[in-house]
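Please read the structure below before turning to the comments.
Naming convention: chains lettered A, B, ... in sequence-line order (proteins, then strands); numbering from 1 in each chain. The structure displayed is predicted, hence computed values, not measured ones.
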Amino acid sequence: MPSFMLLLHRPLERGPMADPEAVARVTRDYMDWADRTRAAGRLKAGSKLTDDAGRILRNAGGRVATTDGPFVESKEIVGGYFLISAGDYAEACRIAAECPHLKYGSYIEVRQVEEL
Amino acid sequence: MTEAAPALEDLFRHEAGKICAWLVRLLGPGRLELIEDAVQDAFSAALAQWRFEGTPQRPAAWLAIAARNKALDRLRREMRLESLDPSDEAAAWRLGFSNPEDTGKPDDTLALMFVACHPALGDEEQTMLTLQTVCGFNARQIARAFLSTPEAVTQRLVRAKRRLRDLKLTVEIPEGAELAGRLPGLLNAIYQLFTGGYTAAEGDQLMTEQRCAEALRLVRLLCEHPHASTGETHALAALICFHHARAAARTGATGDVVLLAEQDRARWDAGLLARGFGHLRRAMAAPELTALHLEAGIAAVHASAPSFAQTDWPALVHYYEALIELKPTPVVKLNAAIAQGYADGPAAGLAQLDELAGSTQLSRYAHYHAARGDLLLKLGRRAEAGAALRQALECPLNGAERDYLLRKLRACSTPARQAHS
């Protein structure tokens, strides 16, 4: 079955953690989704990425140029990812649409992993 | 993996106290603030990371390691900012080589309780600090229990921790005469934890149960310690067991108060009652007789009565008379009067209550007016009963108690036959 990468985008600036109990509820929502997806045999992996914008490497006239962040003007970064298996994009999107990230984060980018 | 997910907050709360006790042993009570912050950092990290990676195989160990690393980060940051203190270096080394499997040792929890219940702090601060450090409640939850705001609670806790830091305490369970001197303070904090939990002024069922459960856990820790398990400790354990055993029967299906008289005694926790009697036997075997002994004895009379009607009221009057000698508070006298009302009739109880009318504490205490209303109603003096109940309704109450009093007030205006039902 094909694999799909769910890239979870979120705003770069995050306010201070307001209410720990509310944060715990949000986390539980994510974990419930992950548990359901795992139980259905569809969740293969997931990781949180660090809270910075990362680095971008470019070939600038034969030299490697390193800059901060994906794009200087971007206000969003990938906060984490999930790797799922699904029959096709339609099914992958159905699974991703259930993810609470759409409620709490920003958007989810769904990409199919190329397989030989 | 999945079973931990719904209980995330419970897991955090249970682990917070253990991790805090472990880190206080490694770093000393002077660093309570740093430790609390590190534990919070660890929990925030867990919340952010477990979203993607799920609950780890051993969440408790994960949290302990994370908290230790966060504490080390904070310690190193402080060391760079402030002058080099060799004790900081030693603490950092101890942390670095510590074993996160060491969390959850009863002695660490007891030692932390002695820190939190230090006599340099006021009674309320001791209870608040115990709730925070030993029991893992956050400022918001503690504020609910003390009818305060999270900001005010945080302020008091910060001040309490600074005071402890200035005392340069060591973390250990005191011994001999010092233990004997400090034990009543600990028992008082547990008693406050439990009585505050037993009748939470603000209706908050969950917090109430959790506080009672924590009080029970802590008093049992003391009971298992060879030198802290005095007769008084066992008396407190018995008292908490007896009251906690009735927890399920105290609340009706809709959260309303079910009075002792109307409780389904089959719903009392028989195992907990049996444990209560076990503690009571140990308490009575000790030579001293304390107020806690008598309070446990009173609870035991209720616990052993097959029905409300068969309650041994004369025994209760006897216990209350002895308790008034040791603890002559208006609330004790109020309860003595209520017991007398059952033993010798409503008129005798009412006479006792009216003697207490001058007490300023009782004038704002709903139970006083409610008890008068009850006895007046039994005597058929319904107009006066209604007035007393209306006075009770003007006092601070939780929602369930208010509902009960309103039901009772309606009985004052219905025919007498139904008023007794």
Practice problem: Give, as side chain, backbone, both or neither, the part of A/Leu8 having an atom under 4.5 angstrom from any heavy atom of chain B. | Solution: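 For A/Leu8, the contact with chain B is made by the side chain alone.
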
Quiz prompt | Row check, A/Phe4 ring normal vs A/Arg111 NZ/CZ: under 6.0 Å, within 45° | solution = no

Practice problem: Count the heavy atoms belonging to other residues, nucleotides or ligands that lie under 6.0 Å from CZ of B/Arg58, then report whether that count exceeds 12. | Solution: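 No, the 6.0 Å shell around CZ holds no more than 12 heavy atoms from other groups.
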
Self-check item: From A/Asp51 atom CG to A/Ile77 atom CD1, the distance as rounded to the nearest 0.5 Å
Solution: 6.5 Å

Quiz item: Should B/Glu214 and B/Arg217 count as an ion pair when the cut-off is N to O under 4.0 Å?
Solution: yes

Self-check item: Residue among B/Phe12, B/Trp50, B/Phe52 with most heavy-atom pairs under 4.5 Å to chain A
Solution: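 That would be B/Phe52.
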
Quiz prompt | Residue, of A/Ser47, A/Gly46, A/Ala34, A/Ala45, that accumulates the most heavy atom pairs under 4.5 Å with chain B | solution =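 Among the listed options, the one with the most contacts to chain B is A/Ser47.
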
